[in-house]
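Working notes, structure below.
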Amino acid sequence: GAAGVAALVLAGSLLWTTAGVAAQGMKPALLPGDIALVRRMPVTVARGDVVAFRMPGEALPRVARVIGLPGERVAVEGGRPVVD
């Protein structure tokens with residue numbers, strides 16, 4: 001019984017992890033200090049999806065919303081993101 005539970009926990013930790021929300025930019029859906037459950041497998045993302053990623057040299061993942069897709073240029077004008 002205990003070995004089965006341990007195997008399930010191990011398998012779950014290989015598929016899922018948690019990431020803390022640190023920035024104000026995810027409001028109102030996610031607030032700083034919230035914890036997000038994150039799937040560890042690579043997936044295809046679309047504009048508006050919430051993703052977690054690691055920046056080189058940082059130990060903890062960041063949580064952000066996708067605003068630009070491959071090949072698009074993103075700029076910030078007047079404090080708001082503008083695509084192409």
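What you see below is based on every heavy atom in this structure, not just the backbone, and it leaves out hydrogens, waters and symmetry mates. Keep in mind that this is a model prediction, so the values were computed, not measured.
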Tell me the closest heavy-atom pair linking [X] and [Y], and the distance in Å.
X	Y	answer
Gly20	Val63	O-CG2, 3.9 Å
Val66	Ala46	CB-O, 3.6 Å
Ala22	Pro32	O-CB, 4.0 Å
Pro61	Arg54	CD-NH1, 3.6 Å
Val74	Gly68	CG2-CA, 3.8 Å

Could you see if [X] belongs to whatever hydrophobic cluster contains [Y]? Use Ile, Leu, Val, Met, Phe, Trp, Tyr and a side-chain cutoff under 4.5 Å.
X	Y	result
Val50	Val21	yes
Val45	Met55	yes
Val43	Leu69	yes

Item to check | Expected output: side-chain Arg47 to main-chain Ile67 donor-acceptor under 3.5 Å | outcome: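 A pair under 3.5 Å: yes.
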
Checklist entry - Quick check: does any side chain N or O of Arg62 sit under 3.5 Å from a backbone N or O of Phe53, one acting as donor and the other as acceptor? => result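 The answer is no, because no donor-acceptor pair under 3.5 Å joins these two groups.
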
Checklist entry - Atom OG1 in Thr17, atom CD1 in Ile35: separation rounded to 0.5 Å? => result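 Atom-to-atom, Thr17:OG1 and Ile35:CD1 are 10.0 Å apart.
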
